[in-house]
Amino acid sequence: MSTFPCRPRSAFDVLMSNAYESRTRKRKAPVEISQTSNFTVKKSDSNPIGGAHVKNSQVKISPDESLVELKKKAANFDVKRAVYWGEGEKVPFMFVVKAFDALLKESGRIAITEIVCNMLRTVIETTPGDLLAVVCLLANRIASPHQGLELGLGDASIMEALAGACGADVNRIKKQYTDLGDLGLVAKASRSSQPLMHKPEALTVAKVFDTFQLIAKESGRDSQRKKKNHIKALLVAATDSEPQYLIRLLQTKLRIGLAERTLLTALGHAAVYSEKHSSPPGNVDNPLEEAAKIVKQVYSVIPVYDKMVPALLSGGVWNLPKTCRCSPGIPVVLMLAKAAKGVSKVLEKFQNMEFTCEYKYDGERAQIHFMENGSVEIYSRNAERNTGKFPDVVAAVTRLKKPCIKSFVLDCELVAYDREKQKILPFQVRTSCKLGFLLLTRARKNVVMNGIKVDVCIYAFDILYVNGQELLQERLDVRREHLYKSFREEQGFFQFATSITSNDPKEIEQFFDDAVNSSSEGLMMKTLKKAATYEPSKRSNNWLKLKKDYMDRYSDTISPDVWFEPTEVWEVKVADLTIHPVHRAAIGIVDPD
DNA sequence: GTGTGGTGCACC
DNA sequence: CTTCAGG
DNA sequence: CCTGAAGGTGCACCACAC
């Protein structure tokens, strides 16, 4: 047990305080996510996860021997034979790099999951303070999307940094990249040209992760140069395969066959193996599966590692649904719909179930959060913070929520709207001969109300949270009642998605045509009662989408007489293009109608 | 300061 | 957003 | 079913030149 100058701070304390801070900061503002330095983890009995003490007297294990252990089946895996750093030391970057290499060569998901699970067990049981950084590297994320922290590096900048670090010409690097097809391999093959007085200290996961944070936070004058210098510093200290994965991480192209879902599964499994002080609820017969499910579920509601990882460490996996809860200000991962090819297919899938049909509006998906303190946040489909783009939407929800509504999370589509003609503007609008994207072209930041050229109407179709109450587990018909009674509609500002509840194919076909005629893409068909909860992050069968595109491309009446196999490409020089009003070749490609 | 080009990135 | 290939 | 890649447009941001 280590001593502390003042109150002992556990890894958890540190992580939590930073997690809170990062959540409350504004987009693009500096965010502290992991400060994993200068403290030793305090082990206490209140911490349900953890346990393996690493004795410095232990026989030295090499990274490669450690990897052999990591590849073992979870049941035969022994943390003590995988860990090769001492108590109080940080997880070496080499530890994850070796695992990356192993994962790269492995294609089976079961095996991938086991390797990751073993890695995570090792970290949890020896160096829990580094768990967040390890998880973030495995996920290849430096922050959650809504925190707005990005590296701001593309291949071009990375290649410049690489060239600088190994004293090579950028063009040579570019050429090598083209030849090898992997910038990581180029980095691995390039020897640093920098004469070094001392062998630099081995990279740690924490060091790499913290440097990534620094890179992301650099902005303004000379920021590009500073970013490159950070990269160079890492490359200089990197050995073996480390440069390869540093570069791939910076490119966000890890390509090791480990996607986030698999990582979450492994995290759930690892938590079960490392759980020391609490056991699964009695009714669980497959704890591994159950834990994986919990982690995935919780992460889809709170997709923020710096909230989930500390909660997992402190309260254990079985308490995670209680310790890590949905709240306005943190975007819930959206529920997605599966594509259906025709009304008959939908009826097939929904037989014996009540369902509803809604217009599928053609705009931008948005999740609007209203906090108790009256502030509003708008998140995009990918949980990017969009608030600065839609001050008009912020004003509209604030004005049109019922006075008794103090907080909510709303799922909706933001649609370009012509308030004079009182109709939806098509998502794609013709400007001369080019297709313009009305909403896409709106400025993304600091939009002021007066400057808005294209108005937006909110089409609300779901509510996930209202007045402190989580509605995700409620049926759609119940959620919709909450939605209807929480807002006041106003033409062109805030409307509920047009819907019918019917299982008559004729009626649905008609409704589909109405939708398309009023500039919608088609229909969304959703179960109302049975299998009708909101399933965050799932492309669920509860929601089906029916679009013209999915049905067959041309009408029977004016179908082309002859189709040609494309065999040649002609380049035609023209002054202008006009869409033909009658002939329908390339319909939906050149013009929607 | 202002304009331009390169780069990164998010949207459908 | 879509599509597709490969496992 | 999962993973990874690709496709095309326009805003934001930075570097650089004037």
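Below, each value reflects all heavy atoms present in this structure, side chains not excepted, and no hydrogens, waters or symmetry copies. Each chain gets a letter, A, B and so on, in the order the sequences are listed, and its residues count up from 1. Source: prediction; values computed, not measured.
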Check every atom of [options] against the side chain of [X] and return the nucleotide holding the closest atom.
X	options	value
Arg261(A)	dC12(B), dC14(D), dC2(D)	dC2(D)
Ser223(A)	dC9(B), dA15(D), dC12(B)	dA15(D)
Asn382(A)	dT2(C), dC14(D), dC11(B)	dC11(B)
Ser157(A)	dA15(D), dT3(D), dT7(B)	dT7(B)
Lys445(A)	dT2(C), dC11(D), dC13(D)	dC13(D)
Lys547(A)	dT2(C), dC14(D), dC11(B)	dT2(C)
Arg444(A)	dC9(B), dG10(D), dT3(D)	dG10(D)
Ala443(A)	dA12(D), dA10(B), dT7(B)	dA12(D)

Practice problem: Using only side-chain N and O atoms of Lys227(A), determine if any of them is under 4.0 Å from OP1 or OP2 of dC14(D). | Solution: no
Quiz item: Is any side-chain N or O of Lys545(A) closer than 4.0 Å to OP1 or OP2 of dT2(C)?
Solution: yes
Any non-hydrogen side-chain atom of [X] less than 4.5 Å from a side-chain atom of [Y]?
X	Y	result
Glu218(A)	His230(A)	yes
Ile215(A)	Leu250(A)	yes
Ile115(A)	Lys71(A)	yes

Quiz item: Just how far is it from atom CH2 of Trp543(A) to atom OH of Tyr534(A), taken to the nearest 0.5 Å?
Solution: 4.5 Å
Practice problem: Let me know, please, whether Thr262(A) or Arg221(A) comes out on the 5' side of the other along DNA chain D by nearest nucleotide. | Solution: Thr262(A)
Quiz item: Is there a Watson-Crick or G-U wobble partner for dC12(B) with both distances under 3.5 Å, and if so, which one is it?
Solution: none
Exercise. Provide the distance between the two C1' atoms, one in dA6(D) and one in dC9(B), to the nearest whole Å.
Key: 15 Å
Which pairs, protein N/O on one side and nucleotides 2-5 of chain B N/O on the other, fall under 3.5 Å?
none

Should the pair [X]-[Y] be classified as a salt bridge under the 4.0 Å nitrogen-to-oxygen rule?
X	Y	result
Glu260(A)	Arg141(A)	yes
Glu364(A)	Arg442(A)	no
Asp155(A)	Lys174(A)	no

Practice problem: Could you label the plane-to-plane angle of the Phe494(A) and Phe496(A) rings as parallel, tilted or perpendicular, counting under 30° as parallel and over 60° as perpendicular? | Solution: perpendicular
Quiz item: How are the rings of Tyr379(A) and His146(A) set to each other: parallel, tilted or perpendicular (split at 30° and 60°)?
Solution: perpendicular
Distances under 3.5 Å between protein N/O atoms and the N/O atoms of nucleotides 4-7 of chain C, please, pair by pair.
none

